[in-house]
> 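Take this structure first; my questions come after.
Letters A, B, ... mirror the listed sequences (proteins, then strands); counts begin at 1.
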Amino acid sequence: ETVMTQTPLSLSVTPGQPASISCKSSQSLLHSDGTTYLHWYLQRPGQSPQLLIYEVYSRFSGVPDRFSGSGSGTDFTLKISRVEAEDVGVYFCMQGLHLPKTFGQGTKVEI
Amino acid sequence: EVQLVESGGDLVQPGGSLRLSCGASGLSFGYQWMTWVRQTPGKGLEWVANISPDAGGKFYLDSVKGRFTIFRDNAKNSLYLQMNSLRAEDTGVYYCAKDELFGRLDYWGQGTLVTVSS
C-alpha cells in the first residue's frame, strides 16, 4: 500500500498570511502517460471533502487562485498564498495511481 | 448541478449486513466511474471500492474484499454498496463520489453513517 505522509498535522495561520502543507508518498505517483496522480481535498467543518487540486497543480472549477499545488515524483506541496477565514478545515492529499488509492492523515488548518 | 445523495446508513450488530445507496442527478451517470470512500475514527479517509460505467470493472480495498460488493443500476442512476459480515472497524461515514479516474473525485455526497456495535 502506498503510504501518504502529510506535515504538519495542524497549522494555525493568520488571515492574509501564507500557508504550506507537505505531502510525501512512499512510491512515485508518476504514471507512464506522464501524468502524476496526486490530488488535494479540503473538508470544511461539518461538510464532505471537496476537490481542490488535481494532478498536482490543476485547480478544480471554482477554486480560488490563492490555492496552488506543486511537486513531482514523491514530494508535493499545497500552498495558500493568503489565507482567508473560509479556508479553515482539514486538507488531505490523495494518490490515485496505485491500488488501493490512499489518503494522507490530514492537516487541520485553523485561524 | 451534480448531486449525490447517500442513504441506508444505520446501527447494525457485528456480523450483520447493510446496503447503502447513492442516488445521482445532474450527470451522465451511465458513463461515469463511481467510488465509495469512508471516513472512520481509526483510519481517517479510506478509499473502499470503485466501479466502471458498465460494472465490468470493480476494485476493492483488501480489508473489505469478500465482504462488500459494489454495484450499480444505470437505469435508476444509482450506486450501491452491499456490506456483509460487518465489523466494528467498518464504523464510519460512507461517501459516494463521482470518479474521474486515478483518484480525481470531483463530486461527493453528504455521507451516510454506519455504526457497527452490539
> Using side-chain heavy atoms (C-beta onward) and a distance below 4.5 Å, is Leu9(A) in contact with Gln105(A)?
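Yes - at least one pair of side-chain heavy atoms lies under 4.5 Å apart.
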> Classify the ring geometry between Phe60(A) and Tyr107(B) as parallel (under 30°), tilted (30 to 60°) or perpendicular (over 60°).
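Taking Tyr107(B) first and then Phe60(A), their aromatic rings stand perpendicular (interplane angle over 60°).
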> Side chains of Glu55(A) and Tyr37(A), heavy atoms from C-beta outward: is any pair under 4.5 Å?
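Answer yes - side chains close enough.
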> Do the non-hydrogen side-chain atoms of Met94(A) and Tyr41(A) ever get within less than 4.5 Å of each other?
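With C-beta onward as the side chain, the pair touches.
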> Would you indicate whether Arg82(A), at its atom CZ, is surrounded by more than 12 heavy atoms from other residues, nucleotides or ligands within a distance under 6.0 Å?
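Atom CZ in Arg82(A) is not crowded, with 12 or fewer foreign heavy atoms closer than 6.0 Å.
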> Side-chain heavy atoms under 4.5 angstrom apart, residues restricted to Ile, Leu, Val, Met, Phe, Trp, Tyr: same cluster for Leu99(A) and Met4(A)?
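Linked within one cluster.
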> So which part of His31(A) gets closer than 4.5 Å to some heavy atom of chain B, the side chain, the backbone, both or neither?
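The answer is the side chain of His31(A).
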> Output the residues of residues 34-42 of chain B for which the shortest heavy-atom distance to chain A is under 4.5 Å, in residue-number order; output 'none' if no such residue exists.
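Checking residues 34-42 of chain B against chain A gives Val37(B), Gln39(B).
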> Which pair of non-hydrogen atoms, one from Ser12(A) and one from Ile111(A), has the smallest distance, and what is that distance?
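Between these two residues, the closest heavy atoms are OG-C, 4.5 Å.
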> Less than 4.0 angstrom from a charged side-chain N to a carboxylate O is my criterion; do Lys98(B) and Glu100(B) meet it?
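Between Glu100(B) and Lys98(B) there is a salt bridge, with a charged N closer than 4.0 Å to a carboxylate O.
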> If you check every heavy atom in residues 58-97 of chain B against those of chain A, which residues fall under 4.5 Å?
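Within residues 58-97 of chain B, the residues under 4.5 Å from chain A are Phe59(B), Leu61(B), Tyr95(B).
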> Quick check: closest heavy atoms across Leu18(B) and Asp10(B), and the distance to 0.1 Å?
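Closest approach of Leu18(B) to Asp10(B), heavy atoms only: CD2-N, 3.8 Å.
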> With a 4.5 Å cut-off on side-chain heavy atoms, are Cys23(A) and Thr77(A) touching?
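Of all side-chain heavy-atom pairs linking Cys23(A) with Thr77(A), none is under 4.5 Å.
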